[in-house]
Peer 1: 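Below is one structure. I have some questions about it.
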Amino acid sequence: MNASPSRKLIIAIDGPAGVGKSTIASRLARKLGYANLESGAMYRALALKAIEKDISFDDEAALDMLAKNSRIELEPTSTGNRVLLDGRDVSQRVRETDVTAGASRVSVHPKVRVWMVARQQEMGAGGGVVMEGRDIGTKVFPRADVKIFLDADPVVREQRRLQQRSLSGTAAEATAAELRERDYRDRTRAVSPLTAAADALTIDSTALSEDEVLHRVEEMVQQKLLALG
Ligand code: C5P
């Protein structure tokens, strides 16, 4: 698929944890020659800094200050985003369980979200980006050129996540429980809960392969590029 260089689209991919957003977003970005930005990694980086500074995930004012005094950068690579927190590479650390749970707790605070959304808007403003997260189509880029909401049966999402990490036994149970808890919090929070934008195309990937999902997304992008001429 060849994207016209003059048409640098903004593509928003939202959906719950374990649905395969990152894989689809990074494969699509590679095909288009776009940057893939994982917005969740920014919430993870802030949660990590809160852990390191011993700041409570419930203290909105302190988290707001912390964000304002932080430099969180995402560098797209062929295997996902490199995450820099104040210049330090924390890409591996932010994937660990304590940070994952913390990310979903710091993300409930409106002030934190305002800061994050502003940074994400700056990062994607020039177009040529595939940004994935929970509120990209609803809040970060409500006028994105293409909006996808990826969903899948919760049991299937859990299985995929466990397979991806080769987990079994107690570790698998803990990860599944964490996924359910995070899902619930993301969907029920007061500000920017996880929900499909009214004009998003929802793709239920429960019974689809990764290639099939990617194909559908590519079709949408192609249609958009044709419509733009
Ligand atoms: O996508 P990822 O699993 O890395 O996101 C970690 C957490 O960050 C999510 O569970 C969610 O609470 C939060 N998040 C968010 N808005 C986004 C991206 C992530 O609230 N756009």
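In listed order, ligands and their atoms are each counted from 1.
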Peer 1: So Ser91 and Arg82, side-chain hydrogen bond (donor to acceptor under 3.5 Å, both in side chains) or not? Walk me through it.
Peer 2: CA-CA 5 Å; Ser91 315; Arg82 195 161 162 252; 5.2 Å; no
Peer 1: If you round to the nearest 0.5 Å, how far is CE of Met131 from OG of Ser39?
Peer 2: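 So the OG of Ser39 and the CE of Met131 are separated by 6.5 Å.
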Peer 1: Report the part of Ser104 in contact with ligand 1, treating N, CA, C, O as backbone and CB onward as side chain, heavy atoms under 4.0 Å; options are side chain, backbone, both, neither.
Peer 2: both
Peer 1: Please report which non-hydrogen protein atom sits nearest to atom 1 (O) of ligand 1, along with the residue it belongs to and the distance in Å to one decimal place.
Peer 2: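 The protein heavy atom lying closest is Arg134 NH1, 2.9 Å.
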Peer 1: For atom 18 (C) of ligand 1, tell me which residue out of Ala17, Gly137, Ser22, Ser39 has the closest non-hydrogen atom.
Peer 2: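 Selected option, by shortest heavy-atom distance: Ser39.
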Peer 1: So, does Arg113 sit close enough to ligand 1 that a heavy atom of it is under 4.0 Å from the ligand?
Peer 2: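 Yes, that is the case, since the closest heavy atom of the residue is under 4.0 Å from the ligand.
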Peer 1: Between the side chains of Glu52 and Arg88, is the shortest nitrogen-to-carboxylate-oxygen separation below 4.0 Å, so that they form an ion pair?
Peer 2: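 The answer is yes: the pair qualifies as a salt bridge.
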Peer 1: Checking Arg119 against Trp115: charged group under 6.0 Å from the ring centre and within 45 degrees of the axis?
Peer 2: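 Ring-cation test returns yes.
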Peer 1: Is it the side chain (CB and beyond), the backbone, both or neither of Arg182 that lies under 4.0 Å from ligand 1, heavy atoms counted?
Peer 2: side chain
Peer 1: Contact between Arg189 and ligand 1, counting heavy atoms under 4.0 Å?
Peer 2: yes
Peer 1: Can you measure from NE2 (His109) to CG (Asp64) and round to the nearest 0.5 angstrom?
Peer 2: 10.5 Å
Peer 1: Is atom CD of Glu122 surrounded by more than 12 heavy atoms (other residues, nucleotides or ligands) closer than 6.0 Å?
Peer 2: yes
Peer 1: Select one of side chain, backbone, both or neither to describe which atoms of Gln120 lie under 4.0 Å from any atom of ligand 1, heavy atoms only.
Peer 2: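 Answer for Gln120: neither.
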Peer 1: Applying the side chain to side chain donor-acceptor pair (under 3.5 Å) criterion to Ser205, which one of Lys21, Glu212, Arg160, Glu210 satisfies it?
Peer 2: Arg160
Peer 1: Return the option from Val191, Asp186, Asp183 holding the heavy atom at the smallest distance from atom 11 (C) of ligand 1.
Peer 2: Asp186
Peer 1: So does Asp14 pair up with Lys147, basic N to acidic O under 4.0 Å?
Peer 2: no
Peer 1: Please write down residue, atom name and distance for the protein heavy atom closest to atom 21 (N) of ligand 1.
Peer 2: Asp135 OD1, 2.8 Å
Peer 1: Please indicate whether any nitrogen or oxygen in Ser107 is less than 3.5 Å from any nitrogen or oxygen in ligand 1.
Peer 2: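 The answer is yes, given that Ser107 and ligand 1 share an N or O pair closer than 3.5 Å.
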Peer 1: Taking atom CZ of Arg185 as the centre, does the number of heavy atoms from other residues, nucleotides or ligands within less than 6.0 Å exceed 12?
Peer 2: yes
Peer 1: Return the option from Ala12, Gly40, Gly15, Gly18 holding the heavy atom at the smallest distance from atom 19 (C) of ligand 1.
Peer 2: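 Nearest heavy atom to atom 19 (C) of ligand 1 lies in Gly40.
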Peer 1: Identify, by atom number and element, the atoms of ligand 1 in contact range of Gly133, meaning under 4.0 Å from any of its heavy atoms.
Peer 2: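 It comes down to these atoms of ligand 1: 18 (C), 21 (N).
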Peer 1: Looking at atom 4 (O) of ligand 1, what's its closest protein heavy atom, distance included?
Peer 2: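 Looking at atom 4 (O) of ligand 1, the protein heavy atom closest to it is Arg44 NE, 2.6 Å.
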Peer 1: Tell me the protein heavy atom at minimum distance from atom 8 (O) of ligand 1, and give that distance in Å.
Peer 2: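 Protein heavy atom at minimum distance: Tyr43 CB, 3.6 Å.
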